[in-house]
Amino acid sequence: MRIFDPHIHMTSRTTDDYERMAAAGVRALVEPAFWLGQPRTSVGSFTDYFDSLVGWEPFRASQFGIRHHCTIALNPKEANDPRCREVLQVLPRYLEKDGVVAVGEIGYDSMTPEEDEVFAAQLALAVEHDLPAMVHTPHRDKARGTDRTIAVVRESGIDPGRVVVDHLNEVTVARVAESGCWMGFSIYPDTKMTPSRMVAILQEHGLDRVLVNSAADWGRSDPLLTLRTGEAMLAAGFTDDDVDRVLWRNPVEFYGQSKRLDVSDLLDVDATFEGNSILRGGS
Ligand SMILES: [Zn+2]
């Protein structure tokens, strides 16, 4: 199985994780810029973080044969801190960099007026820099947050086919499907979304415009839940080709819209995904 994890925070993970991911078939990933847990108090903390997302982390990933890309943005949570607002001014120079494949994570945390403003400004940056947008939906009040997200995306004028709305569940999937945006699902060990619930969603809604990610970060999470979802798909009767579509071709198609995705050399060697023994539950 070849896996492209379209949303994983490797900055928070160890080399053991990189090693396990490589062994599981993860060949490429996207690391969205997000909140680090500890609130930042100045723009310099952001630029150092962004520099590590375009410099150090791709190097670290490459040591395990994994192609690292990132998205850059002022995240919704820190959009509420006036000390961080200046980050918007430094974004344009990062959005021109090679490994940056989208503007993200943007969207809502608590749905404040500040978040409204920063979300709209960053969708405009995505349009201006001809990049896709990666949108986080709030973990609380998800249905309302998703509706408001879709409305703001619509107002921005960005092509919905260039937007992924992430962290969806059974309640929010239909409205995003209808909007024309891509549907992102973050699979967690015991909350929010599991591999078996993901399989049920794929059975109901199909495989179009669907991205599955582990969203692994500094909280309780598991970078191999993409693999586990692929295994659950096969156990439920999906084909190897279906799994390849969801776990590889879909993220390549979505982030390929940036024209900066660099996986063409990986595509050639990856035709052998059918032989994956981990997937088969073999040795
Ligand atoms: Zn995230």
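Note that ligands are numbered from 1 as they come in the structure, with each ligand's atoms numbered from 1 the same way.
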Parallel, tilted or perpendicular: ring planes of Phe64 versus Tyr18, cut at 30 and 60 degrees
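Parallel, since the angle between the ring planes stays under 30°.
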
Angle class for the His69/Phe4 ring planes (parallel below 30°, perpendicular above 60°, tilted otherwise)?
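Parallel, since the angle between the ring planes stays under 30°.
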
Taking it one step at a time, do Arg144 and Asp141 satisfy salt bridge (charged side-chain N to carboxylate O under 4.0 Å, His left out)?
CA-CA 6 Å; Arg144 198 166 66 88; Asp141 207 357; 2.8 Å; yes

Through direct or indirect side-chain contacts below 4.5 angstrom among Ile, Leu, Val, Met, Phe, Trp and Tyr, which residues connect to Trp56?
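Traced through the cluster, Trp56 reaches Phe59.
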
So, Lys142 and Thr137: side-chain donor and acceptor under 3.5 Å apart, yes or no?
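Per modelled atom types, Lys142 and Thr137 side chains form a pair under 3.5 Å.
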
So what's near the Zn ion (ligand 1), protein N, O or S atoms under 2.8 Å?
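As for protein N, O or S atoms lying under 2.8 Å from the Zn ion (ligand 1), they are His7 NE2, His9 NE2, Glu105 OE2.
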
Same cluster (ILVMFWY, side-chain, under 4.5 Å), Phe185 and Val26
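Same hydrophobic cluster.
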
